[in-house]
**Q** 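The structure follows.
Indexing begins at 1, ligand by ligand and atom by atom, following the structure's order.
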Amino acid sequence: MLMADENEILVRTNQGTPGGEWMRRYWQPVALSEELPENGAPLAAKMLGEDLVLFRSESGAVGLLGRRCAHRGADLSLGRLEDGGLRCLYHGWLYGVDGRCLEQPAEPEGSDFKNKIRHRSYPCKELGGIIFTYMGPGEAPVFPLYEPLIAPENHRYAYKVLHECNYLQAHEGEIDPAHLSYLHRRTNQPAWRQRAIKGSDGVQPMAMYRKDAAPRIEVEETDFGVRVYSIRRADDEKIYLRLTNSIFPNVSTIIGPMAGDGYDINWHVPIDDYNHWKYVVIFRRSGPLEARDWKNIHSLRPEMTPNYRLVRNAANNYLQDRESMKNGNFSGLGTNNLPQDAAMVQSPGAIQNRDEEHLGTTDKAIIANRRAFLKAIKQVEAGGEAPHVIRDPAKARVPEIAVISEIVGGSEDWRSYWKKIKRIDDEGYSSAHH
Ligand code: FES
Ligand SMILES: [Fe+2]
């Protein structure tokens, strides 16, 4: 259970709220690169409660501005891309990607009024198929080079999906290893979706989740967030070790369908307090995405509309199929994990009332994560630097973030096992794995 006032601190992210000021200290996804093709239309984007417009100028530079024109508020997403910037349709004011007003054609010649305008603007950076922005004060921090983002283009795939609930509910789902034994259980998995755990002679993660449905959860608070270990009995001598990370302020890494050879990274980015985008980058470490990876990725298509909404939603009862529940599908919510997760995290309502919950032993990570988030928010409120804000470019690679899904000896030191995991940019890695 969480006291109502603490819940408020965690779930509110508009400008001026303690949580919102904290979240603005980090680079955050604002769109997929595919949403903003060259010569594409400007894109209305709402983020952390702010109405914004994203555009690519003729020269390819990406700008993110306040959506309402500084003159008299017309919607700049209706504007024209020309003359090196974004031009408002109403009276022709032209904005550069940095928010400077470059032209005010209706003002008298020689007027310097335009120099007095500095429209709201945020810096952008494009990496791994995602456009990121920094909406905080001062100088933007060093961009953290999470492994999925620096994987070669043909090793990775980025997508996003709307969630009609507060970001924290869905983020908490990412660091909840116990639900794997229930929600996603299927005894009729197609063969292409079955993957062996690394180093395991064909054992599948699903088999492990079924075998030990009451995992031991251990947590470790770190500089970047929380490491979440889940330990399941594999046999008398071995354990199935899974390591997931919660990374400040809304990022998580989970093993996903790559089952050890790469993983999923997620950002749950508030649109406002009641809706958010889940951004995902999935990557294969040892090589380009394979046919079965694409099959897996494409299996999401029937679940999503072209504008990144889920077909299953509260209004249609998530298209739950009670017949399939008698035939090996635990949830009756189709065959893909993503809409199943979305249904569970949206179903408590847009903002979960956390003073009515009853946390159990397997919620250890959820508790540790809330504590870490609250501490980080207080730190920023007190005028300090937010944790995991990187200022030294030499620390951009964040090698302390590793993801594990492996069967290891029972005497293995599971706390430090992550140090053995190689990264895509580790020297000698590609030669060793091809
Ligand atoms: S409202 Fe945009 S130029 Fe007048
Ligand atoms: Fe899940």
**Q** Taking both backbone and side-chain atoms into account, decide whether C69 has an N/O/S atom under 2.8 Å from atom 2 (Fe) of ligand 1.
**A** yes

**Q** Have a look at H91 and say which of its N, O or S atoms is nearest atom 4 (Fe) of ligand 1.
**A** ND1

**Q** What protein heavy atom lies closest to atom 1 (S) of ligand 1? Include the residue and the distance to one decimal.
**A** R72 N, 3.3 Å

**Q** Using the rule side-chain hydrogen bond (donor to acceptor under 3.5 Å, both in side chains), only one of T222, N369, T253 pairs with S246; which is it?
**A** N369

**Q** Report whether any nitrogen, oxygen or sulfur of C88 sits less than 2.8 Å from atom 2 (Fe) of ligand 1 (N, O or S, backbone or side chain).
**A** yes

**Q** Decide if the gap between the ring center of F132 and the ring center of W267 is smaller than 6.0 angstrom.
**A** yes

**Q** Looking at every non-hydrogen atom in both residues, tell me the closest pair between V30 and A45 and how far apart they are.
**A** CG2-CB, 4.1 Å

**Q** Can you name the atoms of ligand 1, numbered from 1 with element, that are less than 4.0 Å from a heavy atom of W93?
**A** 3 (S)

**Q** Quick check, are the ring centers of Y263 and F283 under 6.0 angstrom apart?
**A** yes

**Q** Under 3.5 Å, is there a donor-acceptor pair between the side chain of H119 and the main chain of G66?
**A** yes

**Q** If you count the atoms of ligand 1 from 1 in the order shown, which ones are under 4.0 Å from a heavy atom of Y90?
**A** 1 (S), 4 (Fe)

**Q** Hey, what's the angle at the Fe ion (ligand 2) spanning OD1 (D341) and NE2 (H179), nearest 10 degrees?
**A** 100°

**Q** Write the atom name of the N, O or S atom in H71 that is nearest atom 4 (Fe) of ligand 1.
**A** ND1

**Q** Determine the interplanar angle of the H171 and Y167 rings, folded into 0 to 90°, and report it as parallel if under 30°, tilted if 30 to 60°, perpendicular if over 60°.
**A** tilted

